[in-house]
Amino acid sequence: MDTTWSMIYVAIVAWGLQISFGYFQVRAFNQILRELSRKGSVRIGRTKSRWKPRTVVVLVTGDDEKIVDFAYMSGVSIFSRPKRKPCLIGQPLPLSNNVLSQLSSPLQEAISVANCENP
């Protein structure tokens with residue numbers, strides 16, 4: 001076997017791994033989305049940047065427009081998984097500047113998208 005075929009086999013294996021890890025990432029996100037959708041009204045937002053790591057947030061609000069639950073997923077790779085941020089639970093929407101200043105810039109952007117596009 002020459003180096004050309006070896007490189008082709010490595011590329012095929014890498015492609016297969018990317019597909020399988022991507023599947024597990026989407027499955028983890030859908031699982032947390034299903035879980036959160038049982039708690040109230042769901043709002044989803046994401047950062048718009050093409051070249052920076054993307055951040056996706058899932059806000060769950062109750063009838064009183066307070067955050068019932070919150071999860072986010074941030075990163076550039078297929079290894080990122082949804083994480084919880086319990087410090088935002090119970091906060092009213094829209095979030096105050098004091099609360100937003102404690103969050104990272106990508107989280108702030110994704111939260112503002114979720115809040116604006118899903119009234």
Side-chain angles (χ1 to χ4, degrees):
M1 177 170 18
D2 61 349
T3 57
T4 304
W5 282 105
S6 297
M7 290 173 61
I8 290 172
Y9 289 139
V10 167
I12 289 171
V13 168
W15 186 48
L17 285 172
Q18 180 188 14
I19 289 171
S20 61
F21 283 131
Y23 168 77
F24 288 120
Q25 183 182 41
V26 169
R27 194 173 89 180
F29 182 77
N30 285 339
Q31 181 179 358
I32 199 141
L33 187 61
R34 255 191 320 272
E35 176 187 329
L36 294 177
S37 66
R38 294 183 188 118
K39 295 181 179 183
S41 176
V42 174
R43 299 178 182 193
I44 299 174
R46 73 172 177 89
T47 54
K48 303 242 183 223
S49 175
R50 178 177 285 193
W51 305 109
K52 295 180 193 172
R54 290 223 173 139
T55 301
V56 178
V57 298
V58 180
L59 287 167
V60 180
T61 57
D63 294 333
D64 56 355
E65 287 298 309
K66 287 190 178 181
I67 297 176
V68 176
D69 209 343
F70 179 86
Y72 72 100
M73 193 166 62
S74 182
V76 293
S77 74
I78 53 177
F79 298 112
S80 61
R81 296 287 179 255
K83 300 172 194 84
R84 303 288 180 121
K85 195 136 187 102
C87 66
L88 294 177
I89 295 174
Q91 298 289 333
L93 285 179
L95 292 174
S96 68
N97 289 335
N98 186 28
V99 173
L100 282 174
S101 66
Q102 298 172 3
L103 302 174
S104 67
S105 178
L107 271 177
Q108 290 177 16
E109 181 183 349
I111 289 171
S112 70
V113 169
N115 201 25
C116 290
E117 292 183 359
N118 301 306

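What you see below is based on every heavy atom in this structure, not just the backbone, and it leaves out hydrogens, waters and symmetry mates.
- In this structure, the side-chain contact (heavy atoms from CB on, under 4.5 Å) partners of K52, at least two apart in sequence or on a different chain, are S49.
- Other residues sharing the hydrophobic cluster of M7, ordered by chain and number and joined by side-chain separations under 4.5 Å: none, the residue standing alone.
- What you find for V42 and S37 is that their closest heavy atoms are CG2-CA, 3.5 Å.
- Looking at residues two or more places apart in sequence or on another chain, you find a side-chain contact (heavy atoms from CB on, under 4.5 Å) between F21 and L17, I78, F79.
- Heavy-atom neighbours of K66 NZ from other residues, nucleotides or ligands within 6.0 Å: at or below the threshold of 12.
- More than 12 non-hydrogen atoms from other residues, nucleotides or ligands lie less than 6.0 angstrom from CG of D64.
- Within a 6.0 Å sphere centred on CD of Q102, heavy atoms belonging to other residues, nucleotides or ligands number more than 12.
- Residues W15 make up the rest of the hydrophobic cluster containing I19, defined by ILVMFWY side-chain heavy atoms closer than 4.5 Å, directly or through other members.
- A pairwise comparison of heavy atoms in F70 and L59 identifies CD1-CD2, 3.2 Å as the closest pair.
- Of all heavy-atom pairs spanning A71 and L36, the tightest one is CB-CD1, 3.8 Å.
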Step by step, work out the side-chain contact (heavy atoms from CB on, under 4.5 Å) result for R81 and M73.
CA-CA 6 Å; R81 296 287 179 255; M73 193 166 62; 5.6 Å; no
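- S101 is linked by a side-chain contact (heavy atoms from CB on, under 4.5 Å) to N98, counting only residues two or more places apart in sequence or in another chain.
- Nearest heavy atom pair, residue T55 against residue P106, reads OG1-CB, 3.3 Å.
- Taking both residues in full, the closest heavy atoms of T61 and V68 are given as C-CG2, 3.8 Å, listed atom of the first, atom of the second, then distance.
- With sequence neighbours excluded, the residues satisfying side chain to side chain donor-acceptor pair (under 3.5 Å) with R84 are E35, D69.
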Trace of the side-chain contact (heavy atoms from CB on, under 4.5 Å) decision for K85 with L103:
CA-CA 10 Å; K85 195 136 187 102; L103 302 174; 3.5 Å; yes
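- Using a distance-only test at 3.5 Å, with no hydrogens or angles considered, no donor-acceptor pair links the side chain of E109 to the main chain of T47.
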